[in-house]
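Residue numbering restarts at 1 for every chain, and letters A, B, ... go by the order of the sequence lines.
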There are 2 protein chains.
Amino acid sequence: MRGSSPSPSDRPSDKRRDDAARAAWLYFIGGRTQDEIATQLDLSRQAVQRLVALAVSEKLIKFRLDHPIASCTELAAGLTERYGLEFCDVTPSDPDAPGSAGGIAVAAAVRLQRLLAAKAPMVICVGTGRTLRAAVEELDSLDRPQHKVVSLVGAMSAGGQASPYDVVMRLADKVGAQRYPMPAPVLTETVADREALQGQRAFAVLRELRDQARASFVGISEIGWQAPLHRDGFMTDNDISALIEAEAVGEITGWSFDAEGHPLDSPVNERVASLPLESPPERLTVIVGGGPQKVPALKAALKGRLASALITDEATAEALL
Amino acid sequence: MRGSSPSPSDRPSDKRRDDAARAAWLYFIGGRTQDEIATQLDLSRQAVQRLVALAVSEKLIKFRLDHPIASCTELAAGLTERYGLEFCDVTPSDPDAPGSAGGIAVAAAVRLQRLLAAKAPMVICVGTGRTLRAAVEELDSLDRPQHKVVSLVGAMSAGGQASPYDVVMRLADKVGAQRYPMPAPVLTETVADREALQGQRAFAVLRELRDQARASFVGISEIGWQAPLHRDGFMTDNDISALIEAEAVGEITGWSFDAEGHPLDSPVNERVASLPLESPPERLTVIVGGGPQKVPALKAALKGRLASALITDEATAEALL
DNA sequence: TATAAAGTCGATCATATGCTCAATAACAGA
DNA sequence: TCTGTTATTGAGCATATGATCGACTTTATA
């Protein structure tokens with residue numbers, strides 16, 4: 001009975017979003033019922049219901065929890081200590097939707113928001129993925145043309161198809177920042193291709209910017225036939241086979257690593273176009289992600305000091321301890 | 001059917017707040033129904049309903065609107081221009097509860113939050129009043145021991161009774177800041193009393209801090225028999241009579257002013273212990289408030305350049321233009 | 001320990017909300 | 001202008017939510 005989202009595909013008109021915002025405001029902040037709002041705005045109750053649902057699905061209205069849930073705090077403290085993190089945020093899990101990243105996205109958005117709110121020019125690096133993308137959607141709009149958003153990894157397959165989970169562009173839109181996407185696939189077809197690409201001027205710029213970055217936010221994924229990288233066509237069947245063969249347990253910005261968190265010495269990694277991983281990272285590097293299938297990858301990444309901070313959910317945090 | 005708030009008087013236990021936060025998280029962010037949550041947490045549905053209601057009434061869960069509603073934006077622009085403001089925020093009004101300051105409080109909280117999020121030590125001055133108090137309740141918790149929160153006005157009556165709308169202390173609690181309340185009534189009994197008080201060392205400190213302040217947030221009120229200052233016992237019947245006689249239209253931090261926004265040359269103002277108004281203000285000075293009864297006071301204050309920014313609601317903004 | 005006061009709980013019911021569907025309106029292409 | 005297609009609408013209904021009430025538990029007090 002909640003969160004109806006008709007949303008076919010295209011964007012609602014400005015006027016409609018405006019009305020939706022107003023209705024949602026009256027509903028959530030004003031505390032009125034939809035019936036009352038309908039009367040006030042001279043609409044049918046259904047129309048208001050739809051507007052409210054729209055505002056929720058379009059994230060015009062945001063929910064934030066401001067209370068340190070004790071068990072989450074404990075888990076966070078445990079992880080921080082165990083893996084020597086700069087910080088760790090743990091959100092409650094939704095026991096019936098362990099895969100859903102809603103809470104993690106909100107938590108990541110809060111961290112991002114805090115960073116980006118600063119006026120001093122700042123470089124932020126990001127990876128890709130559904131979770132990061134969702135986090136960006138949760139951000140409030142800002143106007144920070146002085147900031148730069150830099151991609152650590154390309155958002156296309158070797159075939160040239162772009163990923164729908166492009167994070168840089170959307171993030172730059174949200175905060176009004178300058179954008180530095182990586183014009184490359186995650187995995188090139190050959191080593192020579194990779195070398196050619198990385199010889200480009202644009203790559204040098206990305207490397208320089210990364211060195212100045214205040215923080216990196218990256219996703220993480222497991223390696224397997226169900227892994228997002230494979231499903232979305234960034235890696236071929238052969239790549240996956242090779243990685244499984246080589247006992248890869250996870251991947252960050254395209255770089256596969258073993259159970260100890262050491263980047264694999266595999267031919268596949270030779271074709272990764274992304275900026276190299278740092279271990280230990282020289283700047284705040286936040287892994288954002290959770291879910292049972294990612295636990296081994298997370299454990300390895302933390303063990304190998306591929307990150308200095310973690311945002312995850314309760315169930316995953318428990319599994320990690 | 002919404003926002004049931006049993007809240008008798010005392011605080012719920014930590015455990016209960018914890019559960020409430022968890023339930024509210026699952027409800028609003030997780031998007032589950034109360035029935036589902038009840039199953040997951042092994043509670044009755046009612047129990048969950050109560051927890052969610054508690055979380056809402058205790059502000060453990062917050063709603064924020066992230067969309068510039070066109071008409072509000074226009075009004076804000078109009079006011080900014082007309083009165084030469086640094087900024088103006090206009091929130092939608094709740095047509096059936098024109099007095100309620102919910103939306104204004106949220107908007108003020110957003111501004112305060114943004115300021116206070118900064119790490120560099122900062123001095124913030126505040127007045128008193130219901131609206132400001134509500135705004136502080138909307139703030140997220142922070143930890144900024146480097147900041148200082150300074151009161152522009154005492155929060156007690158001449159009889160020594162404290163106001164329940166004390167803002168400094170609550171704000172300092174919320175952000176973990178240092179606190180500088182004003183140990184004085186709004187209005188002393190005699191001019192000599194005021195002079196004696198202001199000779200105190202503490203007053204000199206307050207004056208100095210005010211000079212360093214990054215911003216001031218103040219409420220505003222009309223002058224009349226229904227005015228909060230009178231109802232709450234900060235001003236006697238005689239004071240009010242004298243002020244009405246002198247054609248006062250409003251009051252900020254205890255200082256009454258006429259329709260042009262000039263502080264009144266009245267004996268009552270001679271007994272005001274608060275820090276003096278500045279016109280034009282030497283730092284960001286934000287008036288927070290709205291409602292039909294405050295329109296004349298607001299108009300005068302803006303005309304007299306007693307503030308450099310305004311946070312109000314749609315209906316009030318319209319009336320001001 | 002008895003007793004009152006206060007709080008908590010779940011059953012029950014009145015409302016509020018959200019989904020489905022059929023009717024209508026807007027629209028694009030012939 | 002006609003016609004097939006696609007949004008948009010509101011009615012009706014199934015569910016979800018919130019208020020009330022009496023029974024039960026806990027706490028305070030004598």
Side-chain angles (χ1 to χ4, degrees), chain A residues 1-63 65 94-97 100 102, chain B residues 1-63 65 94-97 100 102:
Chain A
M1 290 265 161
R2 313 189 63 261
S4 75
S5 43
S7 83
S9 58
D10 35 5
R11 1 233 111 265
S13 75
D14 274 4
K15 161 78 173 141
R16 200 169 162 70
R17 287 169 64 89
D18 223 73
D19 288 349
R22 185 175 294 269
W25 191 93
L26 288 163
Y27 187 66
F28 289 107
I29 301 182
R32 328 258 81 194
T33 71
Q34 298 182 354
D35 252 328
E36 293 171 301
I37 299 169
T39 311
Q40 286 167 13
L41 266 51
D42 196 30
L43 294 167
S44 72
R45 189 185 63 73
Q46 279 83 337
V48 172
Q49 195 275 327
R50 279 172 188 132
L51 288 175
V52 171
L54 177 72
V56 171
S57 72
E58 293 276 314
K59 309 273 163 74
L60 302 183
I61 190 93
K62 309 221 160 92
F63 309 112
L65 184 67
D94 188 335
D96 274 2
S100 106
Chain B
M1 290 263 164
R2 312 189 64 262
S4 74
S5 44
S7 83
S9 58
D10 35 4
R11 1 235 112 265
S13 75
D14 275 3
K15 161 77 173 142
R16 200 167 163 72
R17 287 170 64 91
D18 222 74
D19 288 349
R22 184 175 295 269
W25 190 94
L26 287 164
Y27 188 66
F28 288 108
I29 301 182
R32 329 257 76 190
T33 72
Q34 298 182 355
D35 253 328
E36 293 171 299
I37 299 169
T39 311
Q40 285 167 15
L41 266 51
D42 196 30
L43 294 166
S44 72
R45 189 185 63 74
Q46 283 88 331
V48 173
Q49 196 276 327
R50 281 172 187 132
L51 288 175
V52 171
L54 177 71
V56 171
S57 71
E58 293 275 315
K59 309 271 162 74
L60 302 183
I61 189 94
K62 308 223 159 91
F63 309 114
L65 183 66
D94 188 335
D96 274 2
S100 105

What is the separation between atom [atom1] on [X] and atom [atom2] on [N], rounded to the nearest whole Å?
X	N	atom1	atom2	value
Leu41(A)	dG10(D)	CG	C1'	17 Å
Leu43(A)	dG10(D)	CG	P	8 Å
Arg32(B)	dT17(C)	CZ	P	21 Å
Gln34(A)	dA16(C)	CD	C1'	7 Å
Gln46(A)	dA23(C)	CD	C1'	14 Å
Asp35(B)	dA11(C)	CG	P	12 Å
Leu51(B)	dT17(D)	CG	C1'	14 Å
Ile37(A)	dT17(C)	CD1	P	8 Å

- Message: Tell me whether the side-chain N or O atoms of Gln49(B) pair up with the base of dA16(D) as donor and acceptor below 3.5 Å, since no angle test is needed here.
- Response: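 No.
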- May I ask you to verify if any side-chain N or O of Tyr27(A) is less than 4.0 angstrom from the OP1 or OP2 atom of dT17(C)? yes
- Taking only side-chain nitrogens and oxygens of Ser44(A), does any of them come within less than 4.0 Å of OP1 or OP2 of dT9(D)? no
- Could I get the full list of side chain to side chain contact (heavy atoms under 4.5 Å, CB included) partners for Ala21(A), not counting sequence neighbours?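 Only Leu60(A), Leu65(B), His67(B), Ile69(B) meet the side chain to side chain contact (heavy atoms under 4.5 Å, CB included) criterion with Ala21(A).
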Starting the side chain at C-beta, find the nucleotide from [options] nearest to [X].
X	options	answer
Arg45(B)	dT12(C), dT17(C), dT9(D)	dT12(C)
Arg50(A)	dG10(C), dA16(D), dG10(D)	dG10(D)
Arg16(B)	dG10(C), dC9(C), dG10(D)	dC9(C)

- Query: So do Phe63(B) and Trp25(A) actually touch side chain to side chain, heavy atoms under 4.5 Å?
  - Reply: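 Sidechains of Phe63(B) and Trp25(A): no contact.
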- Message: If you define the side chain from C-beta out and look only at heavy atoms, does anything of Phe28(B) sit under 4.5 Å from Val56(B)?
- Response: yes
- Message: Filter on salt bridge (Lys or Arg N to Asp or Glu O under 4.0 Å), then keep only pairs touching residues 20-29 of chain A, sequence neighbours left out; what's left?
- Response: Arg22(A)-Glu314(B)
- Message: Distance check, rounded to the nearest 0.5 Å: Leu51(A) atom CG versus Asp19(A) atom CG?
- Response: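 Between Leu51(A) CG and Asp19(A) CG, I get 6.0 Å after rounding to 0.5 Å.
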